[in-house]
A.B. asks: 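Please find one structure pasted underneath; my questions will follow.
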Amino acid sequence: MTGTLTEIISENAREAQLWEPIDGYRVRCLACGHRCPIPVGFSGVCKVRFNREGKLYAPWGYVVNPLCEPIEKKPFFHVLPGALTLSFGMLGCCLHCPYCQNWVTSQALRDPRAVAAPQAADPRALVEDAIGLGARVVVSTYNEPLITSEWAVAIFKEAKAAGLATGFVSNGNATAKVLEYLRPWLDFYKVDLKSFDDKRYRQLGGRLQPIVDTIVRLKEMGFWVEIVTLLVPGFNDSKDELTRLTDFIARVSPDIPWHVTAFHANYKMRSRGDTTTEMLVNAADIGRSAGLRFVYAGNLPGCVGDLENTRCPSCRSLLVSRYGYVIRQYRITSAGACPSCGTQVPGRWSEHFEPQVTSVPFSPRRRRGLDRMA
Ligand code: SF4
């Protein structure tokens, strides 16, 4: 694709499905919790959805940096352990976190240093590539997928027709409308719950309440949900905040897996120290005290003992042993139960464990789906 990012975003768009008219001049976008009112000729907070002649337009027809990854990297630990995902992103986000790990894609048009190269793509060819590579799941990630939901659904329709599962890796700043729109085509939803303090969320460009509402709705609507919290020292790691955060998750469901992961200096947040093993373990203890039955510590493989593994919530038998993204042992039965005591383990499990295609991310070798529309 050639041209400036502004030109690419303007040209690679279709009339959106998640909007409503306000008056003859403004429309309201319904794709995320900001619910932006957008006058003709302007874009919303995310910079990628815009009002052209009284209609809302949304990104279409491209992907950025597609990658094959083990599903553990997303992280999903209770979904098809060891499965390969084909992960794709687009451009833009409704938040502007100073420690974003995907800022090159998410902060496009907001930060002049964020220069990612979109590639033209076709949904069916992309899914054919995923199957050819051995992927069992297609995941919308890297930018905020809610703001590009129409394009994700176009790909997910093809994925589901081909027998693949689908996932979102999202900040959770959703509306009821976008979740209803996604529900027929989306199986697994990971929410990045960044804090339990509204003041912190406002620093990131959002509010806490829409994220809380999303998590409740996702469970009510039957999505498989896992939650991750990047533990940023001095930002969201106080005992009080973590207690309120994990109490909330446990009230929604003690069976929601909670991943507390280690922060490393990144993007605009470079002067803060990294999360230590002790900090992660202490946070995990708070989660377990709140009643969460599946608590995991991430980004420090081999340092957190049993906090990378899945154990039976009843008899504590080891069910899945992990090292980073490597599955070392898998003992869940074909019925999704503990082989020792028969307790059902919440999640979406394979009938039979299939060997991992990879435990490290790689670029797709075959690019047919990405080149067909280029
Ligand atoms: S996706 Fe969110 S930020 Fe973007 S225009 Fe819609 S409501 Fe605004």
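Heavy-atom basis, side chains included; hydrogens, waters and symmetry copies ignored. When a ligand or atom number is given, it counts from 1 through the structure's own listing order.
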A.B. asks: For atom 6 (Fe) of ligand 1, what's the nearest protein heavy atom and its distance?
C.D. replies: C29 SG, 2.3 Å

A.B. asks: At a 4.0 Å threshold, what atoms of ligand 1 neighbour a non-hydrogen atom of R35?
C.D. replies: 7 (S)

A.B. asks: Does CD in Q101 sit with more than 12 non-hydrogen atoms of other residues, nucleotides or ligands closer than 6.0 Å?
C.D. replies: no

A.B. asks: Is D187 salt-bridged to K160, cutoff N-O under 4.0 Å?
C.D. replies: yes

A.B. asks: Checking contacts here: is it the side chain or the backbone of I38 that comes within 4.0 Å of ligand 1, counting heavy atoms only? Could be both or neither.
C.D. replies: side chain

A.B. asks: I want to know whether F42 and F50 have ring centres closer than 6.0 Å.
C.D. replies: no

A.B. asks: By number and element, which atoms of ligand 1 are closer than 4.0 Å to a non-hydrogen atom of V45?
C.D. replies: 3 (S), 8 (Fe)

A.B. asks: Between R251 and D247, does any NZ, NE, NH1 or NH2 come within less than 4.0 Å of an OD or OE carboxylate oxygen?
C.D. replies: no

A.B. asks: Between C32 and atom 2 (Fe) of ligand 1, is there a contact where an N/O/S atom of the residue lies under 2.8 Å from the metal?
C.D. replies: yes

A.B. asks: With distance as the sole criterion, is a donor-acceptor pair present between the side chains of R136 and S350 under 3.5 Å?
C.D. replies: yes

A.B. asks: What's the shortest distance from atom 8 (Fe) of ligand 1 to any protein heavy atom, and which residue and atom give it?
C.D. replies: C36 SG, 2.3 Å

A.B. asks: Looking only at the aromatic ring of each residue, does the gap between the centers of H96 and W103 stay below 6.0 angstrom?
C.D. replies: no

A.B. asks: I'd like to know if atom 6 (Fe) of ligand 1 has an N/O/S atom from C46 within less than 2.8 Å of it, counting both backbone and side-chain atoms.
C.D. replies: no

A.B. asks: Would you mind checking if K194 and D192 are paired as a salt bridge, meaning a charged N to carboxylate O distance below 4.0 Å?
C.D. replies: yes

A.B. asks: Which residue supplies the protein heavy atom nearest to atom 5 (S) of ligand 1, what is that atom called, and how far is it?
C.D. replies: G44 CA, 3.5 Å

A.B. asks: My understanding is that we take every heavy atom of each candidate and find the minimum distance to atom 1 (S) of ligand 1. Doing that for V178, L18, N173, I147, which one comes out nearest?
C.D. replies: I147

